[in-house]
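Just so you know, residue 1 is the first one in the sequence shown, and it goes up from there.
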Amino acid sequence: MAWRWTLRPVSPRSSSRIPKRLFWGGAITALEEGTKLPAVSDKALQKVHVGARFAGPGLAIGMAAYDVISAAPEDKCVAAFSGISSAVGGYGLGLAGASGGPLTAAAAGVGGSWVFGYLGKKVGEMVCG
């Protein structure tokens, strides 16, 4: 018997998967926005910040792609709208909340991703029929 990897079918922006995704996106935003880690030198922390700057959008784009690939054929268009909106909203509001510190940036990123993902889903349902 050979192993075969398959993608689990998921409806666009399944509510059971949203909290985990948003938590990790918010944590990456907090890392990017200046969180101090104990026992980590400032030089090493600068490298973490540079990586975190690209990890947040990368995670959002990857999860949006996963949603589109794993969605049923009739839901792929809606998943694309929802994923793109979620990525843009999370990144934009995370940057906007950065002036309030890492926790504010993380909360703004999570909220932006969730709200804009929901709005993108509704727009996708209208556009895609």
Study note, to complete from the structure: Heavy atoms of A108 and L93 approach each other most closely as CB-O, 3.1 Å
Practice item. Could you give me the CA-CA distance, side-chain angles and deciding distance for L119 and S85, then say whether side-chain contact (heavy atoms from CB on, under 4.5 Å) is met? Key: CA-CA 8 Å; L119 293 175; S85 299; 6.0 Å; no
Study note, to complete from the structure: Minimal heavy-atom distance between V78 and C128, with the atoms involved, is N-SG, 3.9 Å
Practice item. Output the distance between atom OH (Y91) and atom CD1 (I61), rounded to the nearest 0.5 Å. Key: 10.0 Å
Study note, to complete from the structure: Note: A60 and A87 closest approach over all heavy atoms is CB-CB, 3.5 Å
Study note, to complete from the structure: Rounded to the nearest 0.5 angstrom, the CD1-NZ distance for I69 and K76 is 7.5 Å
Check your understanding: Okay, side chain of S86, backbone of S113: is any donor-acceptor separation there less than 3.5 Å?
Key -> yes
Review point. Between K121 (side chain) and S82 (backbone), is there a donor-acceptor pair under 3.5 Å?
Key: no
Point to revise | Residue pair A79 / V68: nearest heavy atoms and the distance that separates them | key: C-CG2, 3.8 Å
Exercise for review: Tell me, with the steps shown, if F116 and V88 meet side-chain contact (heavy atoms from CB on, under 4.5 Å).
Suggested key: CA-CA 8 Å; F116 278 75; V88 170; 5.7 Å; no
